[in-house]
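Ligands are counted one by one from 1 in listed order, and the atoms in each one are counted from 1 as well.
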Amino acid sequence: MRTEVAIIGGGPAGLLLSQLLNRAGVDTVILERVSRDHVLSRIRAGVLEAGTVDLLRSAGVSARLDREALIHDGVVLSDGERMVHIDFRALTGSSMTIYGQTEMTADLYAAQDAMGTPILHEASDVEIDDLDQENSVVRFHHGGDTKHLRCRFVAGCDGFHGVSRRTIPVGKRREFERTYPFGWLGVLAKVPPCHDELIYATSARGFALASMRSKTLSRYYIQVPIKDRAEDWSDAAFWSELTRRLPPGPAEALTTGLAVEKSIAPLRSFVSEPLRWGNLVLAGDAAHIVPPTGAKGLNLAVSDVFYLHEALIGALKRGDMAGIESYSDRALRRIWKAMRFSWQMTMMLHRFEGEDSFAAAMRGAMLEHQQTSETARRELAENYVGLPF
Ligand code: APR
Ligand code: PHB
């Protein structure tokens, strides 16, 4: 087998990159470790920046999103007493779009099928070789055979646990990491949202987030100790804890119901530099993870893909390697700003086990500053709606 760009990973980063490259006449093959049903059963975040939506439009995959997505002009930060409205439209002229990552991934699969792009599911034991040669080779097992895929570039879009990043020799990469001593217990329920905007709530009992997928489907999260297991949280215990952490009005308006999904996600900040080694280029969770508090994970994968598709098209269509050479630096500048924002949101809203009274006072002061300073709110809004690509 031969292709121009071998893409490892059929998540949003790999699929969107493939779609943009195919539309520019560049050939791709996607290798995905699990089945399509498995990929499409994962419940992930659901906030898209305007730049993300623009790129989906130019990739020709926005028809359903344009019909079904919700547009939100702001979010609420609360500590129970204060309800601080961050008015994105007034502060930045922009807004955000609510559309599940799972839906976006399904739309991308449909578009890629229409393009006829080969997507090999349940491809195992992927190994990447000859990254320093003119052409590289990806070896893998599929359908009982060992296969070789020869290519000019390898795009590592295989998430945090993927093989691509680890292919770069340890001495050639640098990792930055911060883990947090708590996770988010998330529940998806077929109930109307308790408020018309997202609510990021901090309280003495810990953080809670009220989010949604549609007018009839809600997504809620509560901060829990990292050692907790989702199975140990009954629906009733979840709703009770959520109610105690939300501000009074939305807590009273809360409709509870059967949890159709319940899982715990750890919180982590992680960056691996650089994003390129020879013919291998990394994008999305393969290179970086943000805690979900800033809703940046998916959007950051999309901005990587924006820079990377331009770079690959330049190299493959015009023989111009400048974009490939600058890809890592260009993407990392935006990645680090999203890292900072996600970390700041996490620190402003979560309670740390065993923390002192000073830590809680700092959170109170940060929220008070948001309430009283339009400049502070504009800074938050500018980051939340998304910095320019
Ligand atoms: N070989 C082939 N595929 C692999 C391998 C491997 N060795 N390891 C992992 N994969 C696949 C995973 O099964 C997954 O489908 O790579 C895909 C990576 O997808 P994501 O983890 O979704 O990562 P990415 O596409 O970068 O999406 C960005 O933003 O909101 C965040 O974490 C959230 O998934 C989201 C991410
Ligand atoms: C979600 O709806 O899943 C969601 C929204 C905002 C976040 C994180 C997750 O910051």
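In Arg152, the CZ atom is crowded: over 12 heavy atoms of neighbouring residues, nucleotides or ligands sit closer than 6.0 Å. More than 12 non-hydrogen atoms from other residues, nucleotides or ligands lie less than 6.0 angstrom from CZ of Arg42. Within 6.0 Å of the CD atom in Glu81, the count of heavy atoms belonging to other residues, nucleotides or ligands does not exceed 12.
Taking the six-membered ring for Trp, Tyr180 and His350 have ring centres at least 6.0 Å apart.
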- Can Leu254 and Tyr220 be said to form a side-chain contact (heavy atoms from CB on, under 4.5 Å), step by step? CA-CA 11 Å; Leu254 184 73; Tyr220 293 107; 3.3 Å; yes
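Pairing each heavy atom of Gly156 with each of Leu280, the nearest pair is N-CD1, 4.1 Å. For the residue pair Phe88 and His72, the shortest heavy atom distance occurs at CD1-O, 4.2 Å.
Protein residues having a heavy atom under 4.0 Å from any atom of ligand 1 are Ile8, Gly9, Gly11, Pro12, Ala13, Leu31, Glu32, Arg33, Val34, Val39, Arg42, Arg44, Gln101, Val126, Cys157, Asp158, Gly159, Gly162, Val163, Gly284, Asp285, Gly297, Leu298, Ala301, listed by chain and number. Within 4.0 Å of ligand 2, counting heavy atoms only, the contacting residues are Ala45, Gly46, Val47, Trp184, Leu198, Tyr200, Leu209, Ser211, Arg213, Arg219, Tyr221, Pro292, Thr293, Ala295.
For the pair Arg33 and Phe140, the cation does not sit on the ring face, since its NZ or CZ is not both under 6.0 Å from the ring centre and inside 45° of the axis. A cation-pi arrangement is found for Lys296 relative to Tyr384, the charged atom lying closer than 6.0 Å to the ring centre and inside a 45° cone about the ring normal.
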